[in-house]
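What's counted below: heavy atoms across the whole structure, side chains too, no hydrogens, waters or symmetry copies. Worth saying up front: this structure is predicted, and the values here are computed from it rather than measured. Counting convention: from 1, in listed order, for ligands and their atoms alike.
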Amino acid sequence: MTRADWEKSYARTESALRSAGVEKTADLPTLEEVRVRFLGRKSELTELLKSLKDLSIEDKRDLGPKAQGLKASFEAALEARKSVLEESGDAAALAADAIDLSLPAIRPPKGRLHPLTTTLHEIARIFQLMGYSWAEGPFVEDEKHNFSALNIPDDHPARDSHDTFYLQGLPYLLRTHTSTVQIRTMETQRPPLRVVCPGRVFRHEQIDATHSAVFHQVEGLVVDENIGLADLKGHLQTFLQKLLGASTKTRFRPSYFPFTEPSTEVDVKCFFCPGTGCPSCKHTGWIEILGAGVVNPVVFKAIGYDEKKWSGFAFGIGVERVAMLLHGVRDLRDFYTNDIRFLKQFDESLT
Ligand code: DAH
């Protein structure tokens, strides 16, 4: 083969390689086809390289690097296209697999606290702002903490098994009020004291729209020096105005509890009617909201507090009663039947 012939076939091969359109190859399989066609054993380029051997030594030395250069630049073009196609292939695969972050998530239904719980928390929160701490006691009690330490004598009707759940064969009962926690607090702490004791209580009651066998109370107890009825009125009035609104009118009525002397029942002016009387206030214009009194010195004596040095007041609030007033609920049983349509009506602003 003459040098001129070889150079002619070089020019042909070079133009064939250029028109192969490596940079425009659409995908990897096509690119592989192009590679085999131009670099395969029978390809034009391979033939061109092979034919170098028919040239003279000088021509070989001269033209050999030219032919190798053509091969190398074609291989480089193939390699460059290959990585472009691989990258865009990855991107396409990722795009096909992508998670659509703009779709709204499936949210689990959000729970909320029970209206009795939020009411109990709200009562306790107001007293905590007034410096009271939170105390709790057991549901299962003995007669001492539920009755005798509170000056409730053996023959008091509250002890009657018609009112109290006794544990069969055991000297225990389910506490009928949270006043038990007054006694437990005084047994373990020295005055001055300011505590609220929220919790569940149990009574053998006929269940109706205003009575339940299981309900909730918040007990309060303050013990310090020179505490009297004026302190009781001030604290409870402040509490009721914070709970029900600044314009809430209160009425303190004389009453009787064995563990307080004097005792009082506290009413608020009915806020369902303008004081003229309606079913909610039993047509009196007033709604009874809590019982309270100045701690009877005999309670201090029984607990071992010096009744000449210390004085105090106590109160007991029915949580269900307050929740009914706050939310306009007419039947107490609605709180316990767990009807989701009823419970959903209460917003969470109190939680
Ligand atoms: N323990 C009373 C009840 O369950 C409520 C009560 C009244 C509690 C007067 C008190 C109080 O601490 O001083 O009916």
Side-chain angles (χ1 to χ4, degrees), residues 120 123-124 127 132 134-139 141 143-153 156-160 162-165 173-187 191 193-205 210-224 227-237 239-240 250-268 287-300 302-303 305 307 310-322 332:
L120 191 145
I123 295 170
F127 281 112
Y132 290 63
W134 177 297
E136 283 183 20
F139 294 165
E141 270 293 5
E143 294 212 326
K144 177 187 158 198
H145 289 92
N146 202 81
F147 297 126
S148 43
L150 287 158
N151 194 35
I152 301 171
H156 194 283
R159 293 200 180 202
D160 200 309
H162 294 298
D163 287 331
T164 307
F165 289 112
L173 48 86
L174 298 181
R175 67 179 182 191
T176 59
H177 52 183
T178 44
S179 302
T180 54
V181 193
Q182 280 189 33
I183 303 301
R184 291 195 171 273
T185 304
M186 289 193 281
E187 279 173 347
L193 287 180
R194 271 188 198 196
V195 287
V196 273
C197 324
R200 194 163 295 170
V201 299
F202 309 84
R203 283 187 205 172
H204 197 280
E205 296 266 17
T210 53
H211 295 88
S212 168
V214 180
F215 57 102
H216 302 79
Q217 292 184 329
V218 175
E219 187 79 13
L221 174 69
V222 170
V223 183
D224 210 326
I227 295 287
L229 200 58
D231 303 286
L232 177 157
K233 282 189 78 175
H235 280 228
L236 293 179
Q237 229 150 16
F239 160 71
L240 289 170
T250 52
R251 181 174 79 173
F252 290 74
R253 249 181 320 115
S255 184
Y256 171 77
F257 299 102
F259 37 93
T260 47
E261 181 60 37
S263 303
T264 175
E265 213 97 39
V266 185
D267 304 332
V268 290
I287 294 176
E288 182 192 320
I289 199 143
L290 57 88
V294 173
V295 178
N296 192 327
V298 300
V299 173
F300 285 151
I303 210 75
Y305 277 11
E307 81 278 10
W310 303 112
S311 52
F313 65 83
F315 54 86
I317 306 165
V319 176
E320 276 77 356
R321 167 63 63 91
V322 172
L332 182 76

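- For the pair Val181 and Glu136, the minimum side-chain heavy-atom distance is 4.5 Å or more.
- For His204, the ring-ring contact (aromatic ring centres under 6.0 Å, His included) criterion is met by Phe165, not counting sequence neighbours.
- In this view, Glu288 and Arg253 satisfy the salt bridge (charged side-chain N to carboxylate O under 4.0 Å, His left out) rule, not counting sequence neighbours.
- Residues of the protein with a heavy atom under 4.0 Å from ligand 1 are His177, Ser179, Gln182, Arg203, Gln217, Glu219, Phe257, Phe259, Thr260, Gly291, Ala292, Gly293, Ala314, Phe315, Gly316, listed by chain and number.
- Contacts classified as salt bridge (charged side-chain N to carboxylate O under 4.0 Å, His left out) and involving residues 196-205 (residues at least two apart or in different chains) are not found.
- Ion pairing between a basic and an acidic side chain is recognised when a charged N comes within 4.0 Å of a carboxylate O; Glu219 and Arg175 show no such pairing.
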Check the pair Lys233, Phe313 against side-chain contact (heavy atoms from CB on, under 4.5 Å), reporting the backbone distance first and the verdict last.
CA-CA 10 Å; Lys233 282 189 78 175; Phe313 65 83; over 6 Å; no
